[in-house]
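Predicted model, so just to flag it, every value in this text is computed and none were measured. Positions are given from 1, in the same order as the sequence printed here. One-based numbering, in listed order, for ligands and for the atoms of each.
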Amino acid sequence: MNENRDLVVDEKQRAREQWSHDPAGALYGREHEFGTREFFDAVERHRYTEYAPWMCEVMGFNKFALARLLEIGCGMGTDLLQFARGGAEVTGVDLTARSIEISRQHFGVYGARGDFAVSDCETLPFADGSFEVVYSNGVLHHTPDTAGAVREIHRVLRPGGLARVMLYHRGSVAYWGDIILRHGLLGGELLRGDSPAEIMSRYVEVNESGGRPLVKVYSRREARKLFSMFREVKIQVEQLTRAELFILGRIIPEAMFRRLRRSFGGNVIITARK
Ligand SMILES: C[S@@+](CC[C@H](N)C(=O)[O-])C[C@H]1O[C@@H](n2cnc3c(N)ncnc32)[C@H](O)[C@@H]1O
């Protein structure tokens, strides 16, 4: 029991170390002074035009005007700022104090309004039914008790409220091509006895600090099961770059690329109504 608790504390500490040193997306602003408007503009440009052009529409940044919206694991606050610009009344929480510091600075640079708190997604510091929308992108697969975090989302949503959560996809080109085939089989890491989870923690996040955060993946079915306490659940798959498909990526037409992205992309997006 104690050993288990120590492991969980250790996972959380690794997460804090990882994202204190390598805030998600910061790499793409590196040509500018950290924390300036130019820096945040560059991070945003890369995210929504190069890396994930589908994101604004699928996540619905401008669909929640006047809603009380919570983002769990807001990182540098890049998505949260889009919801705020869309008119939502936003709150951001993150396990890493540095993320909250950067998010506050980010909102300050653009004169946006938002509330922020350092908090663990497994124990949210909000009363039942506090929010109309809870959003989380690329966070819950890094925490040991993902099911507990989903129960917390359900609790803090008001009846009829909406959860939109992105988790990494088990059925993706990234998982099978990069983790299992490239590192696991060709690189010999599976044969040396490493588990896919260990391989993922080494390569999935940017690891300039040497951090090795916990990383899990979910199939569509596993994601649906995780949210089975919700009334309605919709599952979408997104996120693929042409570079991930090598030569094929250079020659296939846009419509086919979109189909592949929606089947074998790296993100499972769950939209669930309480
Ligand atoms: C990959 S980053 C994603 C950040 C942001 N959502 C984005 O899309 O850029 C993961 C974030 O989740 C936060 N995080 C990790 N474990 C957490 C937990 N148990 N509770 C809350 N936040 C957590 C990390 O501190 C980090 O900021």
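Of all protein heavy atoms, the one lying nearest to atom 3 (C) of ligand 1 is N137 O, 3.7 Å. For atom 8 (O) of ligand 1, the closest non-hydrogen atom of the protein is R47 NH2, 2.7 Å. Nearest protein heavy-atom neighbour of atom 14 (N) of ligand 1: V139 CG1, 3.9 Å. Taking atom 20 (N) of ligand 1 as the reference point, the nearest protein heavy-atom neighbour is C121 N, 2.9 Å.
On a distance-only criterion, W19 and ligand 1 share no N/O pair closer than 3.5 Å. Inclusion of D120 in the set of residues having an N or O under 3.5 Å from an N or O of ligand 1 is warranted. Among the atoms of E205, none of the N or O lies under 3.5 angstrom from an N or O of ligand 1.
When A149, G138, S119 are checked for heavy-atom proximity to atom 1 (C) of ligand 1, G138 turns out nearest. Nearest residue to atom 6 (N) of ligand 1 from G73, G75, G92 is G73 (criterion: closest heavy atom). One option in I102, L124, L95 has a heavy atom closer to atom 16 (N) of ligand 1 than any other, and that option is L95.
Among the candidates V93, N137, I100, T91, the single residue satisfying the side-chain contact (heavy atoms from CB on, under 4.5 Å) test with C74 is I100. Checked against F39 for a side-chain contact (heavy atoms from CB on, under 4.5 Å), the options M76, Q105, E33 give a single hit: M76.
Atom numbering of ligand 1 starts at 1 in the shown order; those under 4.0 Å from a heavy atom of S99 are 27 (O). Listed by number with element, the atoms of ligand 1 under 4.0 angstrom from any heavy atom of T96 are 24 (C), 25 (O). Heavy-atom contacts of E71 reach the following atoms of ligand 1: 6 (N) (cutoff under 4.0 Å). For ligand 1, the atoms lying closer than 4.0 Å to a non-hydrogen atom of T143 are 19 (N).
Side-chain N/O atoms of R16 and T96 include no donor and acceptor closer than 3.5 Å. Under the 3.5 Å distance criterion, with hydrogens and angles disregarded, no donor-acceptor pair is assigned to the side chains of S201 and E198. Side-chain polar atoms of D178 and Y203 form no donor-acceptor pair below 3.5 angstrom. A donor atom on one side chain and an acceptor atom on the other are not found under 3.5 Å apart for E17 and S20. Q239 and H169 share no donor-acceptor pair across their side chains, judged by distance under 3.5 Å alone.
The two residues H141 and T146 make their nearest non-hydrogen contact at CA-OG1, 4.4 Å. Looking at every heavy atom in both residues, G25 comes nearest to V43 through O-CG2, 3.6 Å.
A heavy-atom separation below 4.0 Å is found between D94 and ligand 1. Ligand 1 does not have G25 within reach: every non-hydrogen atom of the residue lies 4.0 Å or more from it. Residue contact check for ligand 1: R16 places no non-hydrogen atom closer than 4.0 Å to it.
The salt bridge (charged side-chain N to carboxylate O under 4.0 Å, His left out) pairs that include a residue from residues 224-242 are E238-R261, E238-R262, R242-E254, where partners are two or more places apart or lie in different chains.
Contacts of F126 classified as ring-ring contact (aromatic ring centres under 6.0 Å, His included), with partners at least two apart in sequence or in another chain: F131.
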